[in-house]
Amino acid sequence: MKAHFSILLLVSATLATQTATGQSSQQKTGQERAKTDSLTKLNYQQVLQRLAIKLPTLPPQAEDPNRPKNAIVKGKGVGYNDDQGRNISRSAWGAWINYDEVRANDYVLPDPLILKGGKAVTSAKIWWTQRRPEIVTDYESEVFGRIPKNTPSVSFDVTETDTTALASKAIKKTIIGRIDNAAYPKASPVINITMYRPKNAKGQVPLVVIISSSAKGNNQTIELLNQTGWAVAIFDTNSLQADNGAGLNLGIIGLVNKGQFRKPDDWGVLRAWSWGLSKALDYFQKDKSINPKKIGIQGHSRWGKTALLAAAMDTRWAAVFASCSGSGGASLEKRNFGENLDVIAGESEYHWMAPNFVKYGGNWESFPVDAHQMIALIAPRPLFITGGTQDIWADPVGEFKACVAASPVYKLLGKTGITTTQFPAPDVSLIDGELAFRFHEGGHTDSMDWPIFISFAKKYFN
């Protein structure tokens, strides 16, 4: 590690165009990144050891007979792209990223309407009292982890009010959720939120909570939602729990565990974020300016995964928008296309999940659930799922297939899911039912889907 730091220092020193302050900043950033990577690697190795997982010995990538035939060495000589310039990497279990539809669909999905004992779910009562709890249990024990019983109390305060926000069109409130850390003062997580309510709004208004890496938010999106007459709250996940394996002994996870290692079914980062979102929902439902029955949740990418999880586990969320959520979100795990289960179980993303999830790396067929069941847990509430033509990594086709497979649950509960098995053309919005899907023309973004979500959610919010 010291040698690595020395290299960073040497490289920084050779940048003659940089000021001394810039050099110091770059050195510090590089050292912090190296420390985070080192701690993450160590924590991941501990997960493997505690679960008795032994990774296979693989041949060098250049000699791997399973390497895709269209793999091309990247320009810098490290790693591979395919002939269309898309990243092709190999997992620790030997699975190469696949973009070939012919090779993607060799899987069998668990039926969301068959009990584990083999009996069919023929009524809403059986769904709510038997089948849904079965699926929730699988997700808690094997995928995202359980919320500990000893979570601390949270108290929310408005620390600042700005009546001139967004050119005086909105009232901006800075909100902090203070978490009792008396049990382990070394960890000091908080919940940072910024809320914008249209200034000319009267009475209680709907609210959309946007999950993000900070509480800043995108003004264009905020203004669009405010113009619709809805309030917006930006929820900062990083203030609650760091988005890496190195921070698992701090944040809310570290606070509850008192800095100790997680048990196999303990919560991961996504579950911790969803817990914080439920605490924020407690607060918002008591806000006299917000309609407590019309509070929706939105997230993009990893926060799209979080939005799905939060709504699946807390049925008070009235509407959901999950953008480009990929594996661990709306795309099917057993389908081998783009981001796959091995990627999530690998060193860079395992922290999102319970340690138990890692044992399904290279063992996809044993995975007890799949994304269509996560979607089914949100039924019968309105859910809008999106993907992009240039975001193949997140597997929009797999997201659509998951929606189709979840639709029988919406139908059982008296609502309308996806009524076609034909994948839609770009920018065709399937929003007639409570389960909606859109394949936008573009990349890994949610910007062009917000107007469609507003049209979709208006049916339930106005």
Side-chain angles (χ1 to χ4, degrees), residues 43-44 47-48 50-51 53 91 93 107-112 116 131-148 211 237 241 243 245 248 252-253 262-278 299 301-315 320 322 325-336 339-379 383 385 394-395 398-399 402 405-406 409:
N43 186 275
Y44 185 67
V47 169
L48 297 178
R50 285 170 177 256
L51 294 176
I53 296 172
S91 79
W93 292 270
Y107 59 84
V108 177
L109 294 180
D111 192 328
K116 288 194 172 187
R131 183 58 175 142
R132 192 180 190 280
E134 284 182 346
I135 298 172
V136 168
T137 296
D138 281 341
Y139 270 109
E140 288 190 324
S141 65
E142 302 300 306
V143 187
F144 297 107
R146 305 180 189 279
I147 293 177
I211 314 168
T237 56
Q241 182 67 47
D243 188 10
L248 290 170
I252 185 61
I253 294 176
R262 294 182 297 163
K263 297 185 293 295
D265 63 348
D266 270 357
W267 53 350
V269 169
L270 299 187
R271 192 75 163 108
W273 291 346
S274 72
W275 170 83
L277 284 158
S278 287
S301 193
R302 67 196 61 192
W303 297 284
K305 306 179 202 293
T306 309
L308 289 169
L309 174 60
M313 297 301 179
D314 189 336
T315 59
V320 188
S325 57
S327 183
S331 70
L332 293 171
E333 303 294 354
K334 290 183 173 63
R335 181 179 136 87
N336 181 20
E339 183 181 29
N340 59 43
L341 192 152
D342 279 10
V343 174
I344 306 296
E347 185 178 297
S348 63
E349 296 176 2
Y350 77 99
H351 60 276
W352 290 341
M353 308 301 203
N356 266 340
F357 180 85
V358 179
K359 68 187 181 185
Y360 296 104
N363 188 26
W364 305 359
E365 66 278 1
S366 298
F367 196 54
V369 290
D370 216 314
H372 66 304
Q373 291 168 286
M374 173 63 69
I375 293 170
L377 293 179
I378 297 173
L383 167 60
I385 290 175
D395 189 16
E399 293 180 331
V409 178

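Applying the salt bridge (charged side-chain N to carboxylate O under 4.0 Å, His left out) test to every pair with at least one member in residues 353-366, sequence neighbours left out, gives these pairs: E142-K359.
Every residue two or more places apart in sequence or in another chain that forms a side chain to side chain donor-acceptor pair (under 3.5 Å) with D314 is listed here: S278, R316. Take S327 and apply the side-chain contact (heavy atoms from CB on, under 4.5 Å) test, not counting sequence neighbours, and it matches S331, E333, E339, I344. Applying the side chain to side chain donor-acceptor pair (under 3.5 Å) test to W352 and every residue at least two apart in sequence or in another chain returns D243. In this structure D138 satisfies the salt bridge (charged side-chain N to carboxylate O under 4.0 Å, His left out) test together with K116, sequence neighbours excluded. Every residue was checked against the salt bridge (charged side-chain N to carboxylate O under 4.0 Å, His left out) condition with R50, not counting sequence neighbours, and none meets it. Applying the side chain to side chain donor-acceptor pair (under 3.5 Å) test to W93 and every residue at least two apart in sequence or in another chain returns nothing. Every residue meeting the side-chain contact (heavy atoms from CB on, under 4.5 Å) condition with D266, not counting sequence neighbours, appears here in chain and number order: N257, R262, K263. In this structure, the ring pair (Phe, Tyr, Trp, His ring centres under 6.0 Å) partners of F367, at least two apart in sequence or on a different chain, are F357, Y360. In this view, T315 and R132, R381 satisfy the side-chain contact (heavy atoms from CB on, under 4.5 Å) rule, not counting sequence neighbours. Considering only residues two or more places apart in sequence or on other chains, E140 meets the salt bridge (charged side-chain N to carboxylate O under 4.0 Å, His left out) condition with R146, R271.
Remark: the backbone N or O of Y107 is not paired with any side-chain donor or acceptor of K334 at under 3.5 angstrom. One N or O on the side chain of D342 and one on the backbone of G362 form a donor-acceptor pair closer than 3.5 Å. Of the possible polar contacts, none joining the Q241 side chain to the A272 backbone as a donor-acceptor pair under 3.5 Å is found.
Among all heavy-atom pairs drawn from A307 and V320, the shortest one is O-CG1, 4.0 Å. Residues G304 and A322 approach most closely at O-CB, 3.8 Å, considering heavy atoms. Residues L51 and P355 approach most closely at CD1-O, 3.1 Å, considering heavy atoms. Looking at every heavy atom in both residues, P264 comes nearest to A354 through O-CB, 3.7 Å. In terms of heavy atoms, A330 sits closest to A371 at O-CB, 3.4 Å.
Here the side chains of R302 and T306 are not in contact, with every heavy-atom distance at 4.5 Å or above. Two residues are said to be in side-chain contact when any heavy atoms from C-beta on lie closer than 4.5 Å; W267 and F144 fail this criterion. W364 is listed as a side-chain neighbour of N340, based on a closest heavy-atom distance under 4.5 Å. No side-chain heavy atom of Y139 sits less than 4.5 Å from a side-chain heavy atom of L309. Using a 4.5 Å heavy-atom threshold, the side chains of L248 and H351 count as touching.
Within the model, atoms CE of M313 and CG of L270 stand 11.0 Å from one another, a figure rounded to the nearest 0.5 Å. The distance from atom CD1 of I211 to atom OG of S274, rounded to the nearest 0.5 Å, is 9.0 Å. I147 CD1 to I253 CD1: the interatomic distance, rounded to the nearest 0.5 Å, is 10.5 Å. Atoms CG and CG, from L383 and L308 in turn, are 6.0 Å apart once rounded to the nearest 0.5 Å.
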Verify side-chain contact (heavy atoms from CB on, under 4.5 Å) between V47 and I53, making sure each step is shown before the conclusion.
CA-CA 8 Å; V47 169; I53 296 172; 5.6 Å; no
Any chance you could lay out the side-chain contact (heavy atoms from CB on, under 4.5 Å) test for Y350 and N43, step after step, and finish with the verdict?
CA-CA 10 Å; Y350 77 99; N43 186 275; 2.7 Å; yes
Begin with the C-alpha distance, continue with both residues' side-chain angles, and end with the deciding distance and a verdict on side-chain contact (heavy atoms from CB on, under 4.5 Å) for S325 and K305.
CA-CA 5 Å; S325 57; K305 306 179 202 293; 4.3 Å; yes
Taking distance alone, no hydrogens or angles, what donor-acceptor pairs closer than 3.5 Å link side-chain atoms of residues 372-379 to residues at least two apart or in another chain?
residue: H372; atom: NE2; partner: P110; partner atom: O; Å: 2.6
residue: Q373; atom: OE1; partner: D370; partner atom: N; Å: 2.8

